[in-house]
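These notes are about the structure you will find just below.
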Amino acid sequence: MINALTVDVEDWYHICDLEDIIKPGEWERYESRVVVNTRRVLQILREAKTKATFFILGYVGERFPEIVQEIDEGGHEIATHGFYHKLVYKQTRDEFTEDLERSMKVLKDITGKDIVGHRAASFSIIRESLWALDVLVSQGLKYDSSIFPVRHPRYGIIDAPRFPYRVKGSLFEFPPSTVRLGRRNLAFGGGAYLRFLPYWYIKWAIGRINIGGNPALIYIHPWETDLDQPKLAVPLSRALPHYVNLKSAPKKLRALLEDFRFAPVKEVLGIE
């Protein structure tokens, strides 16, 4: 079974949970670490001879086109993560469309390739923002990876399908992976879930999905590999998801690459 490996290319200050502290107009005041961190992830993938999908912020591509070129030249898939990392449900349809179009143009101008995949900031396509799927179709995208089948204060559609499915017209949805225990879908395969949970559990969960005949989807952020990133003075409820157990992310990524086969989303879905 070939699973999908994805990387959300954003800087440490792009996190939606910090948007009330660091606004987009202030981003350039802060030290950017996205290039060095993304190169660290690329090196891990080179060592494992594995390709992945990189969902890249248009803002990052516009400011650091060289890292987009490096990802593309490494044989990885380039997909869009929007331009400004805004929650979909906090935008109007026109605002979302403009943000999406801008990000896709930046990435295509750098690579010369059509962009076919999308992931919303913080998986923010929820029931109230399903209109975004129509926008994705209108822009010619072929798959999305934004609908998380979990219950969470900021994202999720709890009863959405757990495995890849056709969500709107020709558009496929490949949700972040969950494992079903009792009546609950439990996330395990990315972000704080990946850093907090023991590796044996993550390995068991992927194996359980694969035994059922389905591919898993794992995600990671380059800033999660950066122990030296600046740390803001924020309440513990915000600090825990972002700053705790960062040292485990590269170790677990290497272990996953040794124990399972991974490929870009487009390849796993069989999209040309």
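Just so you know, these numbers use all the heavy atoms, side chains as well, and skip hydrogens, waters and symmetry mates.
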- prompt: Can you check whether G74's main-chain N or O pairs, donor with acceptor, with K51's side chain at less than 3.5 Å?
  reply: yes

- request: Report the residue from D109, V106, V60, I56 that forms a side chain to side chain contact (heavy atoms under 4.5 Å, CB included) with V68.
  value: I56

- request: For A255, enumerate each residue passing the side chain to side chain contact (heavy atoms under 4.5 Å, CB included) test, keeping only those at least two apart in sequence or located in another chain.
  value: Y199

query: Do side-chain atoms of S129 reach the backbone of A132 as a donor and acceptor pair under 3.5 angstrom?
result: no

E26: partners by side chain to side chain contact (heavy atoms under 4.5 Å, CB included), with sequence neighbours left out: K23, R29, Y30

message: Looking at K252 and L197, would you say the former's side chain and the latter's main chain have a donor-acceptor pair under 3.5 Å?
response: yes

- request: Establish whether W200 and L253 are linked, either directly or via other cluster members, by ILVMFWY side-chain heavy-atom contacts under 4.5 Å.
  value: yes

Cluster link L107 to F54, ILVMFWY, side chain under 4.5 Å: yes

Would you give me the side-chain donor-acceptor pairs under 3.5 Å for residues 113-120, sequence neighbours excluded?
from	atom 1	to	atom 2	distance (Å)
K113	NZ	D72	OD1	2.7
D114	OD1	K108	NZ	2.7
H118	ND1	D144	OD1	2.7
R119	NE	S145	O	3.0
R119	NH1	T6	OG1	3.0
R119	NH1	D8	OD1	2.8
R119	NH2	T6	OG1	3.3
R119	NH2	S145	OG	2.8

query: Does the ring center of W27 lie less than 6.0 Å from the ring center of H14?
result: yes

- request: Would you check, one step at a time, whether the test side-chain contact (heavy atoms from CB on, under 4.5 Å) holds for V9 with V34?
  value: CA-CA 7 Å; V9 182; V34 68; 3.8 Å; yes

message: Can you tell whether the side chains of R33 and E31 come within less than 4.0 Å, N to carboxylate O?
response: yes

- request: Look at the aromatic rings of Y219 and F123 and report parallel, tilted or perpendicular, splitting at 30° and 60°.
  value: perpendicular

task: Check each of R151, R127, R184 against D159 using the salt bridge (charged side-chain N to carboxylate O under 4.0 Å, His left out) test, and report the only one that passes.
output: R127

Sequence-distant partners of K251, salt bridge (Lys or Arg N to Asp or Glu O under 4.0 Å), two or more places apart: none

Under the salt bridge (Lys or Arg N to Asp or Glu O under 4.0 Å) test, residues paired with R254 that sit two or more places apart: E47

- request: Keeping to residues at least two apart or across chains, list the ring-ring contact (aromatic ring centres under 6.0 Å, His included) pairs with something in residues 245-272.
  value: none

task: Determine whether I147 and V265 fall in the same hydrophobic cluster, where Ile, Leu, Val, Met, Phe, Trp and Tyr are linked whenever their side-chain heavy atoms lie under 4.5 Å apart.
output: no

task: For Y143, check side-chain hydrogen bond (donor to acceptor under 3.5 Å, both in side chains) against everything at least two apart and list the hits.
output: E77

field: Set of side chain to side chain contact (heavy atoms under 4.5 Å, CB included) partners for R63, sequence neighbours left out
entry: Y13, E28, S32, Y59

Listed once per pair and sorted, the side-chain hydrogen bond (donor to acceptor under 3.5 Å, both in side chains) pairs that draw on residues 164-177, sequence neighbours left out: D134-K168

message: Is there a side-chain contact (heavy atoms from CB on, under 4.5 Å) between N3 and I209? Walk through the geometry before answering.
response: CA-CA 10 Å; N3 302 290; I209 289 172; 5.6 Å; no

- request: Look at the side chain of D99 and the backbone N and O of G82, then say whether any donor-acceptor pair between them is shorter than 3.5 Å.
  value: no

- prompt: Is it true that E272 and K266 have a side-chain N and a carboxylate O under 4.0 angstrom from each other?
  reply: no

message: If you count every heavy atom of other residues, nucleotides or ligands that lies below 6.0 Å from K49 atom NZ, does the total exceed 12?
response: no

message: Is there a salt bridge (Lys or Arg N to Asp or Glu O under 4.0 Å) between R102 and E62? Walk through the geometry before answering.
response: CA-CA 10 Å; R102 186 176 177 184; E62 187 172 85; 3.3 Å; yes

- prompt: With sequence neighbours left out, which residue pairs that include part of residues 173-196 fulfil the ring-ring contact (aromatic ring centres under 6.0 Å, His included) condition?
  reply: none

query: What residues form a side chain to side chain contact (heavy atoms under 4.5 Å, CB included) with E98, not counting sequence neighbours?
result: none

field: From CA spacing to verdict: side-chain contact (heavy atoms from CB on, under 4.5 Å), N37, E224
entry: CA-CA 8 Å; N37 291 337; E224 292 184 281; over 6 Å; no

message: Starting from Y84, can I reach I21 by hopping between I/L/V/M/F/W/Y residues whose side chains sit under 4.5 Å apart?
response: yes

message: Quick check on the hydrophobic clustering: are L57 and V88 connected, directly or via other members, by side-chain heavy-atom contacts under 4.5 Å?
response: yes

Under 3.5 Å: donor-acceptor pair, side chain of H152, backbone of R154: yes

Residue pair Q43 / R46, side-chain donor-acceptor N/O under 3.5 Å: yes

- prompt: How would you list, by chain and number, every residue that makes a salt bridge (Lys or Arg N to Asp or Glu O under 4.0 Å) with E70, sequence neighbours excluded?
  reply: R39

